[in-house]
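Numbers here are sequence positions counted from 1. The shown structure was predicted, so the numbers you read here are calculated from the model rather than taken from an experiment. Just the heavy atoms: all of them, side chains too, but no hydrogens, waters or symmetry mates, feed the values below.
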Amino acid sequence: MKLLSATVLALAIGFAATGTASAQACLDKRQIQEAVSSGQIVSLDAVLASAGVDSSVEVLNVQVCDQGGRLVYIIGVLSRDGQAQNLVLSAQ
């Protein structure tokens with residue numbers, strides 16, 4: 001079974017511990033689609049692939065939020081072994 005890269009896993013654990021997603025300004029679904037279409041951010045598939053996220057993980061939810069002046073994907077995933085995690089990956 002492929003595992004998340006150590007960097008992605010470390011970010012996920014660190015972010016899950018802080019619980020700051022709700023305090024950030026996030027885009028709605030329409031804004032996310034427009035940002036991908038205009039090239040402001042890369043697609044979710046491209047972000048997951050470039051981070052080496054195992055394709056067997058189930059994506060539970062997705063947000064794009066401003067974090068310190070940069071846009072990030074906050075992705076809730078469920079791994080094959082049933083572990084839920086939040087991944088925080090650059091959207092740009």
- Message: Tell me every residue that passes side chain to side chain contact (heavy atoms under 4.5 Å, CB included) with Ser50, counting only those two or more places apart in sequence or in another chain.
- Response: none
- What heavy-atom pair brings Leu78 and Ala84 nearest, and what distance separates the two atoms? CD1-N, 3.9 Å
- Query: Are the side chains of Leu48 and Val57 in touch, meaning some heavy atoms are under 4.5 Å apart?
  - Reply: no
- Please name the pair of heavy atoms, one in Ile74 and one in Cys65, separated by the smallest distance, quoted to 0.1 Å. CD1-SG, 3.8 Å
- Task: Check whether Val59 and Val36 end up in the same hydrophobic cluster, where Ile, Leu, Val, Met, Phe, Trp and Tyr are linked by side-chain heavy atoms less than 4.5 Å apart.
- Result: yes
- Query: Between the side chains of Asp81 and Ser79, does any donor sit under 3.5 Å from an acceptor?
  - Reply: yes
- How long is the span from the CD1 atom in Ile75 to the CD atom in Gln85, to the nearest 0.5 Å? 11.5 Å
- Distance col, row Ile41:CD1 vs Tyr73:OH, nearest 0.5 angstrom, shows 3.5 Å
- Query: Which atom names give the shortest non-hydrogen contact between Gln31 and Cys26, and what distance separates them?
  - Reply: OE1-O, 4.4 Å
- Note on the structure: Sorted by chain and residue number, the salt bridge (Lys or Arg N to Asp or Glu O under 4.0 Å) partners of Glu34 (sequence neighbours excluded) come out as Arg30
- Query: Excluding sequence neighbours, so at least two apart, what forms side chain to side chain contact (heavy atoms under 4.5 Å, CB included) with Gln40?
  - Reply: Ala35, Ser38, Leu71
- Task: Without swapping roles, check the side chain of Asn61 against the backbone of Gly76 for a donor-acceptor pair under 3.5 Å.
- Result: yes
